Amino acid sequence: MPYRAPLSDYRFLFEKVLGLKQVSQTDRFAEATPDMIEAILTEAARMCEEVLAPLQRNGDLHPAVLENGVVRTSPGFADGYRAIAEGGWVSMGADPAHGGMGLPMALVSAVNDMMGAACLSLQLNPLMTQGQIEALENHASDALKDIYLPKLISGEWCGTMNLTEPQAGSDVGALSTKAVDNGDGTYAITGQKIYISWGDNDFTENVCHLVLARLPDGGPGTKGISLFMVPKYLPDEDGNPGRANDLKVVSLEHKMGLHGSPTAVMQYDGATGWLVGEEHDGMRTMFTMMNNARLGVGIQGLGVAEGAYQHALAYAMERKQGRVPVEGGTGTIIDHADVRRMLTTMKADIFAVRAIALACAIAIDMKTATGDAEWGARAALLTPIVKAFGTDTGIAVAEMGVQVHGGMGFIEETGAAQYSRDVRVTAIYEGTNGIQAMDLVGRKLMDGGEAAFRLMDEIEEVAERTRSTLPDLAEPVWEAAETLRETVEWMVSQENLNDRFAGSVPFLKGFARVLGAHFHLLAAEAEGGEGPRSNLARFYIKRMLPEYAGALAHAREGAEGVYALSDDELAA
């Protein structure tokens, strides 16, 4: 499908709104100069537009299949992956000590956004590897790093994460996969894992599985879980793929979407693995990869939203239907008020998500570069918002894209439905969006709301600063931030966590709406209040921001009303 990378948005956000310059000014990321950033974005855009985008339909129409124990990937995916690996796009953020480029997460995120928009099914493969690289860099022994990191960073090998089991989905602590010490530095891993994205392929030399399992002395729940590296092929003494390990792909799931991405049921039968991190500390270790993936998955939602928007816009600019309702119109459906409403809504939310996601990535970079705990708290606070709001927006925009197409959106040949089918799972994997919201009102407010209040202070400072120049935009943003502040205070005051959890999803939505308005206001300020970005900001702040009031009112109602109907009454 045709795709055009939104380079102007990245440039504007980095230079005028988010201040990527502060990252480049640190010693850690001094090599990320404006010229380098521009060159990387331009080259990534070319690859996504010319190499990956043409594969989007192939993955949907010709899914990955399992033939005689071998996974056969969609036509063209091997060449597409080769372009990703040889271009260094897997290893952008990895440590240069093992061959990585050491670039900021903000830049990695922008490239992942483009790749996800061009071909989400294929982009999911390097996203998993990027997370595994980060987990190994932070937790693996030097011996494991020396064997696995160079191969993962080069793209010769790829990585997966194995958490879920048939009886242990979101409740990871219920897993039953076992690990037994072999007495030689290795462990025998036995069990079955499900929903393993890119569990196998036919274009990398090895597939490296990070597997959660329980040692014999591991206690119940998540505290007794350990993490193991279990490769498809055991590395020989030279670090090259040797004999096959005792694992296999049992089957591939028949899915609603993402057909080009093989989602495997994996069976481990005494497979050889190596401990990553400390015994019984597997969940903390795996969370490094999961947090990386949560930001990445939120950006996947953003990428699909961009692709679906471009697809719908192109159709609306060509489709002639009905009378032209505006003087000087094109005669196509883009002239109709409701179609224009949908397209502008899509574009406004895409900008909001992109700004929030890149702000989160910049916070990660600043924490990495400076060690400042406040930057770490900012990144932690924004991560569940990016994951949930990004994927919810991807779903909403893709669904709206079908609606813009009208009846043709329901016809598979147009490709509009594929975006909707592909993105739907992003709200489920890497922790459902409900879990993200619970994390936001739970762990992320354990500081008494300090990180959230610092963010509210910044939002209100910008609103105060722009009151004289943009009063019609600044005042509603300031009022929304005050209501959000009051709601955070209410959340922090609730000793019963279930009262927080009952309103956590609307709370996250309201929080995201206010953040989106903040970044739109900054965009309007940077443009001087006149122009396309200012007009988009007015649309968002005047028409979409008001949703925060209902969402935050819902959030403050507590749990009692949620349980007012009995099970029988719900079933009546």
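The structure presented is a predicted model; accordingly, all values stated were derived computationally and were not measured. Along the sequence shown, the residues carry numbers beginning at 1.
- Between the side chain of K255 and the backbone N or O of S261, at least one donor-acceptor pair lies under 3.5 Å.
- Across T204 and C158, no two heavy atoms sit closer than the pair OG1-SG, 3.6 Å.
- Side-chain atoms of C208 and K232, non-hydrogen and from C-beta on, never get closer than 4.5 Å to each other.
- When atom types are taken as modelled, the side chain of S226 and the backbone of H280 share a donor-acceptor pair closer than 3.5 angstrom.
- At distances below 3.5 Å, at least one donor-acceptor pair connects side-chain atoms of R421 with backbone N or O atoms of M256.
- Using a 4.5 Å heavy-atom threshold, the side chains of T177 and L212 count as separate.
- With rounding to the nearest 0.5 Å, the separation of CG in L124 from OG in S197 is 4.5 Å.
- A donor-acceptor pair under 3.5 Å links the side-chain atoms of D236 to the main chain of D238, judged by distance alone.
- Using a distance-only test at 3.5 Å, with no hydrogens or angles considered, a donor-acceptor pair links the side chain of R294 to the main chain of E430.
- Enclosure of atom NZ in K151 by more than 12 non-hydrogen atoms of other residues, nucleotides or ligands within 6.0 angstrom is indicated.
- A donor-acceptor contact under 3.5 angstrom links the side chains of Q123 and Q300, judged on distance only.
- Taking each heavy atom of V230 and T272 in turn, the nearest pair found is CG1-O, 3.5 Å.
- Remark: Y195 OH is loosely packed, at most 12 non-hydrogen atoms of other residues, nucleotides or ligands lying under 6.0 Å away.
- Using a 4.0 Å cut-off between charged side-chain N and carboxylate O, K21 and E15 make no salt bridge.
- Using a distance-only test at 3.5 Å, with no hydrogens or angles considered, a donor-acceptor pair links the side chain of E165 to the main chain of S176.
- No more than 12 heavy-atom neighbours from other residues, nucleotides or ligands sit within 6.0 angstrom of NZ on K347.
- We find that K248 and D269 are not joined by a salt bridge, their nearest charged nitrogen and carboxylate oxygen being 4.0 Å or further apart.
- With hydrogens and angles ignored, the 3.5 Å screen pairs a side-chain donor or acceptor of T26 with a backbone N or O of V23.
- Minimum heavy-atom separation, A417 to G409: CB-O, 3.8 Å.
- By the 6.0 Å contact criterion, CZ on R214 is enclosed, its count of non-hydrogen atoms from other residues, nucleotides or ligands being greater than 12.
- Taking CG of L152 as the start and CD1 of I147 as the end, the distance is 11.5 Å to the nearest 0.5 Å.
- The line from CG of D202 to CD of E67 is 9.5 Å long, rounded to the nearest 0.5 Å.
- R284 has no carboxylate O lying under 4.0 Å from a charged side-chain N of E278, or vice versa, which leaves the two without a salt bridge.
- W198 approaches V207 most closely through the heavy-atom pair O-CG1, 4.2 Å.
- No side-chain N or O of S121 forms a donor-acceptor pair with one of H259 less than 3.5 Å apart.
- Counting non-hydrogen atoms of neighbouring residues, nucleotides and ligands closer than 6.0 angstrom, the CZ atom of R46 exceeds 12 such neighbours.
- The shortest distance between side-chain heavy atoms of I196 and M161 does not fall below 4.5 Å.
- Annotation: side chain of Q192 is in contact with side chain of P166 (closest heavy-atom distance under 4.5 Å).
- Checking side-chain atoms of T129 against main-chain N and O of G159 turns up a donor-acceptor pair under 3.5 Å.
- Residues E43 and W89 meet the side-chain proximity criterion, which asks for heavy atoms closer than 4.5 Å.
- The main-chain N or O of E134 is found under 3.5 Å from a side-chain atom of N138 such that the two form a donor-acceptor pair.
- The side chain to side chain contact (heavy atoms under 4.5 Å, CB included) test with L227 singles out one residue from L210, N162, V211, L163, and that residue is L210.
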Run the side chain to side chain contact (heavy atoms under 4.5 Å, CB included) test on F519 and L13 for me, step by step, so that the C-alpha distance in whole Å, both residues' side-chain angles and the decisive distance to 0.1 Å come before the verdict. CA-CA 9 Å; F519 289 118; L13 282 165; 5.7 Å; no
Show your reasoning for whether side chain to side chain contact (heavy atoms under 4.5 Å, CB included) applies to F228 and V276. CA-CA 5 Å; F228 301 89; V276 177; 5.9 Å; no
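- Across all their heavy atoms, V397 and A305 have their closest contact at CG1-O, 3.4 Å.
- Counting heavy atoms from C-beta on, the side chains of D113 and Y10 come closer than 4.5 Å.
- At most 12 non-hydrogen atoms from other residues, nucleotides or ligands lie less than 6.0 angstrom from OH of Y233.
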Taking it one step at a time, do L55 and N58 satisfy side chain to side chain contact (heavy atoms under 4.5 Å, CB included)? CA-CA 5 Å; L55 302 177; N58 278 354; 4.1 Å; yes
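- Considering OH of Y419 and CD of Q310, their distance stands at 7.5 Å, rounded to 0.5 Å.
- Less than 6.0 angstrom separates the ring centroid of H311 from the ring centroid of H405.
- In this structure, G59 and S74 approach most closely via the heavy-atom pair CA-OG, 3.6 Å.
- Under a 3.5 Å cut-off, the side chain of Q22 and the backbone N or O of G19 do form a donor-acceptor pair.
- At a threshold of 4.5 Å between non-hydrogen side-chain atoms, the residues M105 and N292 count as touching.
- In this structure, CG in N433 is found 7.0 Å from OG1 in T426, a value given to the nearest 0.5 Å.
- The closest side-chain heavy-atom distance from Y148 to P235 is below 4.5 Å.
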Report the C-alpha separation of R378 and L382 in whole Å, then their side-chain angles, then the decisive distance to 0.1 Å, and conclude whether the side chain to side chain contact (heavy atoms under 4.5 Å, CB included) test is met. CA-CA 6 Å; R378 172 68 56 88; L382 291 177; 3.8 Å; yes
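- Checked for salt-bridge contact, K367 and D372 miss the test: no charged N lies under 4.0 Å from a carboxylate O.
- Here CG of L18 is found 10.5 Å from CD1 of I356. Values are rounded to the nearest 0.5 Å.
- Side-chain contact annotation: D422 with S420, donor-acceptor N/O pair under 3.5 Å absent.
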